[in-house]
*Asks:* 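Starting off with a structure, shown below.
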2 protein chains.
Amino acid sequence: MKTLRVPEATVTRMSIYSRFLERLDRNGMTTISSNEIADGVGVSPAQVRKDLAYFGEFGTRGVGYNVQTLLKYTLKILGLNQAWPLAIVGSGNLGQALSTSRGFNARGFRVACVFDYDAKRVGKRIGQLLVQPIAQFPELTRKENIRIGVIAVRNSLAQEVANIMVQSGVQSILNFAPITLRVPADMEIRNVDLSITLELLTFNVGLKAAQSL
Amino acid sequence: MKTLRVPEATVTRMSIYSRFLERLDRNGMTTISSNEIADGVGVSPAQVRKDLAYFGEFGTRGVGYNVQTLLKYTLKILGLNQAWPLAIVGSGNLGQALSTSRGFNARGFRVACVFDYDAKRVGKRIGQLLVQPIAQFPELTRKENIRIGVIAVRNSLAQEVANIMVQSGVQSILNFAPITLRVPADMEIRNVDLSITLELLTFNVGLKAAQSL
DNA sequence: TTACAATTGTTATAATTTTCACATAATAAT
DNA sequence: ATTATTATGTGAAAATTATAACAATTGTAA
Ligand SMILES: NC(=O)c1ccc[n+]([C@@H]2O[C@H](COP(=O)([O-])OP(=O)(O)OC[C@H]3O[C@@H](n4cnc5c(N)ncnc54)[C@H](O)[C@@H]3O)[C@@H](O)[C@H]2O)c1
Ligand SMILES: NC(=O)c1ccc[n+]([C@@H]2O[C@H](COP(=O)([O-])OP(=O)(O)OC[C@H]3O[C@@H](n4cnc5c(N)ncnc54)[C@H](O)[C@@H]3O)[C@@H](O)[C@H]2O)c1
C-alpha cells in the first residue's frame, strides 16, 4: 500500500484551515484562494497549496477553491465525518471545565463519560453526566465504543490511568498531566502541556529583553 | 550581536528536560547521562546533547551532567529565574480552572489577576482573587508589571481582548480561543488549541484504520 | 603509568519541511 | 478567436532539523 506520509505540521494546519473554512461558510462565502486562506490563518500561500496537495486536488486553476467542498474534504481527511465520543478521567477543575465545554461538540467530539478515582466525587453530576468510578472504565468505554481517552487527573495518577486506557482498548490519549507517559508504540498520544507553552513565551520574552540590551 | 537562533522544538524539549530534572532532583539523584535523560523523556540521546549545545557546555565527558547544576541552567535559559505574574481574562469554566490550578505555581507562574467583561461575574471570588472589570486591565497589569496575558473568553471576544493586551503593553499572550488572532509581529503569542490536538488524534487513528484494511 | 570504559561536545550526513518559481488550466475581456 | 489575467498544482532549490559517528576528555582499574 502506498504509505502516505504527511508531516504532523501539515495535519495541524489542515485543522486550522478547516475551522477557518467553517467560518467562511457560516458567513456565506463560496469561493476562496490559497492567498486568502493563507492570509486568514497566518501562513504562506505556497504552504496552503502544498499541504492540500498531500491529499488531492481540490481547487480549480484560475478560480480557487469552493468553500463548502473544501470544508467537507478537510473534515473527511481529519476523520471528522463521524462522531467521536470521549472518556474523561478526572473530574477536578480541569475535568469539569472540559466536560461542560461547548467547544468540544462543535467538531464532532462529545464527552460520553467522566470517571474519577475519588469515591467522594463518584456519582456527582456534571452537566448531563454522572461521574463514574474508574473501575467501570473498561466496560463503559467498550460499550460506548470510545476510542479517545482524556487524562485530567493529578500527575501521580496519570500513568496508571494511561495503563488502564491501553488495557481497555482505547486507541488514543489526550493527556493534560505534565508528565511523559509510557504507552505502546501503536497508541496515539498527544500532550497538552501548559507549562511548555508558557515557557516558550518566557524564553522568547527573555531572548528579546537580552537582544535589546 | 550574535543572534542565537534556537529551534522552537529545542525550547519545547528544554522545558521537558527541565521538569524531568526537577523530578530527579526531588528523588535525590545527583548525576545523569544524556542517555538516561533521553530514555526518561522519550527522545534520542544525540538530540538531548544537541539541544543543550545550543546554550553551552553543561556536562563532563565520561561522567554526565550534575542534576542540580543542569536543572538550574535549564531554568535560567527558560527565563524561570524570575517570577511571572499572569493576567487571565475570562472567568468562565476554563478561566476558573486555570486560576485555581496549582500546576501554574510550580514553575514560577502565578495568577495575579482575573478579569471579565460580564458585570455579573465581576467582583466574584476565585480562590484568593476577585474578578476585576476588563476596564481595569491596562492599569492593573501595568501596576503589577504583568508581561503574560491569558485569553480564556468566548471566541467572539478573543480578538478584542488581544487588542487590549497589546495596547496595555503586555508582551505575550497565551490564547485558548480556537481562533487565529492578529497581533503585531513583536508580540509573542501561542495558542492552546484542543481541537487541533484532538484532530491530530482522529487523523492518525483514521490513518491506521485505513492502513489495516 | 598505562590501558580501558564511559560519556560528552561537535562535525558530517541524512531526512524533513518550507519556499520559490513556473508550467498549466480556467475564466474574462477584447 | 485571441489575449490577458488569475490562481492552482508541482518539481526543484533552499532552509531547517534530526541522526549518526567519532574525536576528545574524564575517571577507573589493572
Ligand atoms: N486546572 C487546570 O487549569 C489545568 C490546566 C492544565 C493542566 N492541568 C493538569 O490537569 C491535571 C488535573 O488538574 P486539576 O486542576 O483538574 O486538578 P484537581 O485537583 O482539580 O483534580 C484532580 C483529579 O485527580 C483526582 N484525585 C486527586 N487526589 C486524589 C486522591 N488522593 N485519590 C484519588 N484521586 C485523586 C481528583 O479526584 C480529580 O479527578 C493535573 O495534572 C494538572 O497539572 C490542569
Ligand atoms: N472549557 C474548556 O475546557 C475549554 C478548553 C479549551 C478551550 N476553551 C476555550 O476557552 C474559551 C472560554 O471557554 P469557557 O469554557 O471558559 O467558556 P465560558 O462560557 O465558561 O466562559 C466564557 C467567558 O466569556 C465571557 N462571556 C461570555 N458571554 C459573554 C457576554 N455575552 N458578554 C460578556 N462576556 C461574556 C464570560 O464572562 C466568561 O468570562 C473558549 O474560547 C473555549 O473555546 C475552553
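Chain identifiers are assigned alphabetically (A, B, ...) following the order of the sequence lines, protein sequences preceding nucleic acid strands; residue numbering begins at 1 within each chain. Keep in mind that what you see is a predicted model, and the values were worked out from it rather than measured.
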*Asks:* For the helix from C/dT1-D/dA30 to C/dT30-D/dA1, figure out the bend between the end axes, five pairs an end, and round to 10 degrees.
*Replies:*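 Inter-axis angle at the ends, rounded: 10°.
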*Asks:* Of the candidate nucleotides C/dG9, C/dT17, D/dT17, which contains the atom at the shortest distance from the side chain of B/Pro7?
*Replies:*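 Among C/dG9, C/dT17, D/dT17, the one nearest the side chain of B/Pro7 is D/dT17.
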*Asks:* When you check the side-chain N and O atoms of B/Ser18 and B/Arg107, is any donor under 3.5 Å from an acceptor?
*Replies:*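 Judged by distance alone, the side chains do pair up.
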*Asks:* If we only count heavy atoms from C-beta on, is the A/Glu160 to A/Tyr117 side-chain gap below 4.5 Å?
*Replies:*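 Yes, their side chains come closer than 4.5 Å.
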*Asks:* Which residues, if any, of residues 22-51 of chain B bring a heavy atom under 4.0 Å of DNA chain D?
*Replies:*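 DNA chain D contact set from residues 22-51 of chain B: B/Ser44, B/Ala46, B/Gln47, B/Arg49, B/Lys50.
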*Asks:* Whole Å only: how far is the CZ atom of B/Arg5 from the P atom of D/dA15?
*Replies:*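 Computing the B/Arg5:CZ to D/dA15:P distance gives 13 Å.
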*Asks:* Please give, in whole Å, the distance from D/dT25 P to B/Glu57 CD?
*Replies:*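 Spelled out: CD on B/Glu57 to P on D/dT25 is 10 Å.
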*Asks:* Taking atom CD as the centre, does A/Glu144 end up with more than 12 heavy-atom neighbours from other residues, nucleotides or ligands that are less than 6.0 angstrom away?
*Replies:*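 More than 12 within 6.0 Å, yes.
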*Asks:* As a test of understanding, state which of B/Leu52, B/Leu21, B/Thr31 forms a side-chain contact (heavy atoms from CB on, under 4.5 Å) with B/Tyr65.
*Replies:*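 That would be B/Leu52.
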*Asks:* Would you say C/dT18 has OP1 or OP2 under 4.0 Å from some side-chain N or O of A/Arg13?
*Replies:*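 For C/dT18, OP1 or OP2 has a side-chain N or O of A/Arg13 closer than 4.0 Å.
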*Asks:* In whole angstroms, how far is the C1' atom of C/dT8 from the CG atom of B/Leu70?
*Replies:*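 The distance from CG of B/Leu70 to C1' of C/dT8 comes to 12 Å, rounded to the nearest Å.
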*Asks:* Would you sort out whether A/Asp118 and A/Arg154 count as a salt bridge (charged side-chain N to carboxylate O under 4.0 Å, His left out), showing the intermediate values?
*Replies:* CA-CA 11 Å; A/Asp118 191 341; A/Arg154 69 148 201 270; over 6 Å; no
*Asks:* Rounded to whole angstroms, how far apart are CG on B/Asn66 and P on C/dT7?
*Replies:*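 My rounded result for the distance is 15 Å.
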*Asks:* Can you find a side-chain donor-acceptor pair between B/Asn163 and B/Gln167 that sits under 3.5 Å?
*Replies:*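 Judged by distance alone, the side chains do not pair up.
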*Asks:* For A/Tyr54 and D/dT10, what is the distance between atoms OH and P respectively, to the nearest whole Å?
*Replies:*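 Spelled out: OH on A/Tyr54 to P on D/dT10 is 12 Å.
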*Asks:* For the pair made of OH in B/Tyr73 and P in C/dG9, what is the distance, rounded to whole Å?
*Replies:*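 Going from OH in B/Tyr73 over to P in C/dG9 covers 12 Å.
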*Asks:* In terms of the nearest nucleotide of DNA chain C, which residue is placed more toward the 5' end: A/Thr10 or A/Gly62?
*Replies:*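 Between the two, 5'-proximity favours A/Thr10.
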*Asks:* Whole Å only: how far is the CD atom of A/Glu8 from the C1' atom of C/dT18?
*Replies:*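 Result: 17 Å.
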*Asks:* Just compare D/dT10, C/dT10, C/dT8 and give me whichever is closest to any side-chain atom of B/Tyr65.
*Replies:*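 Looking only at side-chain atoms, B/Tyr65 lies closest to C/dT8.
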*Asks:* OP1 or OP2 of C/dA23 less than 4.0 angstrom from a side-chain nitrogen or oxygen of A/Arg61, does that happen here?
*Replies:*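 A/Arg61 to C/dA23 OP1/OP2: no side-chain N or O under 4.0 Å.
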*Asks:* Given C/dA26, D/dA18, D/dG27, identify the nucleotide with an atom nearest to the side chain of B/Val63.
*Replies:*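 The nucleotide sitting nearest to the side chain is D/dG27.
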*Asks:* With no hydrogens and no angle check, do the side chains of B/Arg49 and B/Ser34 hold a donor and an acceptor under 3.5 Å apart?
*Replies:*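 Yes.
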*Asks:* Salt bridge between B/Arg190 and A/Glu199, side-chain N to carboxylate O under 4.0 Å?
*Replies:*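 No, this pair does not count.
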*Asks:* Could you tell me whether the side chain of A/Ile88 reaches within less than 4.5 Å of the side chain of A/Cys113, counting heavy atoms only?
*Replies:*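 Result no, sub-4.5 Å side-chain heavy-atom pair not found.
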